[in-house]
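First the structure, in the form of C-alpha cells, and then the observations on it.
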Amino acid sequence: MIERIAFTSREQDPIALAELMISHPSLPMLGCEHAFIAAGALLSALRNSPYGKGTITDADIREAFDRTARQASGGYCGLTGVCGIAPAVGACFSIFLGARCGSDSEQKIVMDAVIKVMHAISALTGPSCCKAYLRASLSEAVTLFSERFGIQLQVKSGVVICRHNEKHTHGCREDKCPYYQKPIKDIFTGTGFVPGTVCTS
C-alpha cells in the first residue's frame, strides 16, 4: 500500500501524503512501516514538486525504500535509541544530494538532517509513538528543504490532528502530544446557563 501510493500519487504535500498512508486500515498503530511512509511520502512529494520533475524518479524512491529496510527494524528505537524514521529521512536527503561515504559537504548535510530529525523525535518520547515521530520528522524535513535548498514543498495550512490515540498499545501521551485531539468539553455543563438565552431581569 505504501509503495503503491508513493509511486502513483501526484500529491506535492508530504504530510498530506503521509496522512493518506496512515489512514489505511491495515497499518498497525506502531511499527517500522512508518519509516517507509516517511521515505515514500517525502521523496514522492519532492518528485511531484516543480523541482523534482525529471530530477527525482521512481528508482530513487525504490532506493530510499531499500536503504530504509537496512536500518528500520522493529523495537530498535528502544534497543539502540535510533528510530527507523531518522535513517529513512536521511536516505531521502542522501539520494537528493548524491551523498556517499567520503563525500564532503553532502554527507555533513545528511548527518545534520538526521540529527535534527532525531531531536524532533526525542522530544515526543514517553512512551513512543511512531505516528507522532513521523509527523514531526516530515515537518522538520520540509523546513530543512526550504532553509538549505530553497525548495518549498506545498504543505497545506492547518494543524494535523491524530485520530488514533485510542489504538495506542503503550498509552497515548494525550495532552503532551502536539497532535492529540483534546475532548470537547461543554463549559456550561452544570452551570444552569443555556447558551443563546438573554437575561431580561
Exercise. Kindly indicate, with the supporting measurements, whether the criterion side-chain contact (heavy atoms from CB on, under 4.5 Å) is fulfilled by L97 and Q107.
Key: CA-CA 8 Å; L97 291 167; Q107 189 175 12; over 6 Å; no

Measure across [X] and [Y] and return the closest heavy-atom pair with its distance rounded to 0.1 Å.
X: C83; Y: Y133; result: SG-CD1, 3.9 Å
X: V117; Y: A86; result: CG1-CA, 3.9 Å
X: L17; Y: A45; result: CD2-N, 4.2 Å
X: A132; Y: C177; result: CB-SG, 4.2 Å
X: E106; Y: A99; result: CB-CB, 3.7 Å
X: I37; Y: M21; result: CG2-SD, 3.7 Å

Quiz item: Got more than 12 heavy atoms from elsewhere within 6.0 Å of CZ, R10?
Solution: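 Counting other residues, nucleotides and ligands, CZ of R10 exceeds 12 neighbours.
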
Exercise. Report, as yes or no, whether the 6.0 Å neighbourhood of atom CE on M1 holds more than 12 heavy atoms from other residues, nucleotides or ligands.
Key: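 It does: M1 CE has more than 12 such atoms within range.
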
Quick check: do [X] and [Y] have side-chain heavy atoms less than 4.5 Å from each other?
X: Q154; Y: N48; answer: no
X: F96; Y: F149; answer: yes
X: C129; Y: M29; answer: yes
X: L30; Y: H170; answer: yes
X: R67; Y: I95; answer: yes
X: E11; Y: L20; answer: no
X: V82; Y: Y76; answer: no
X: I2; Y: H24; answer: no

Practice problem: Check step by step if side-chain contact (heavy atoms from CB on, under 4.5 Å) holds for R173 and L124. | Solution: CA-CA 9 Å; R173 298 175 72 234; L124 295 173; 3.9 Å; yes

Between the side chain of [X] and the main-chain N/O of [Y], is any donor-acceptor distance below 3.5 Å?
X: S94; Y: A91; answer: no
X: T68; Y: A64; answer: yes
X: Y179; Y: A136; answer: yes
X: T125; Y: S128; answer: no

Quiz item: Is it true that K108 and D104 have a side-chain N and a carboxylate O under 4.0 angstrom from each other?
Solution: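 No, no charged N to carboxylate O under 4.0 Å.
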
Quiz item: Is it true that R62 and E3 make a salt bridge, defined as a side-chain N closer than 4.0 Å to a carboxylate O?
Solution: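 Counted as a salt bridge, because a side-chain N and a carboxylate O are separated by less than 4.0 Å.
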
Identify whether [X] and [Y] are in the same connected component of the hydrophobic contact network (ILVMFWY, side-chain heavy atoms under 4.5 Å).
X: I121; Y: Y180; result: no
X: V89; Y: I115; result: no
X: L134; Y: I5; result: yes

Practice problem: Begin from the C-alpha positions of I22 and R135 and carry the test side-chain contact (heavy atoms from CB on, under 4.5 Å) through to its verdict. | Solution: CA-CA 10 Å; I22 286 175; R135 292 170 174 136; 4.2 Å; yes

Self-check item: Reference residue R47; test side chain to side chain contact (heavy atoms under 4.5 Å, CB included); the match among L42, D60, D58
Solution: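 One option only clears the test, and that one is D58.
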
Exercise. Any chance you could measure I61, atom CD1, to F7, atom CZ, to the nearest 0.5 Å?
Key: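 Answer rounded to 0.5 Å: 6.0 Å.
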
Quiz item: Between F36 and F65, what is the ring plane arrangement, given parallel below 30°, perpendicular above 60°, and tilted in between?
Solution: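 The rings of F36 and F65 sit tilted, inter-plane angle from 30° to 60°.
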
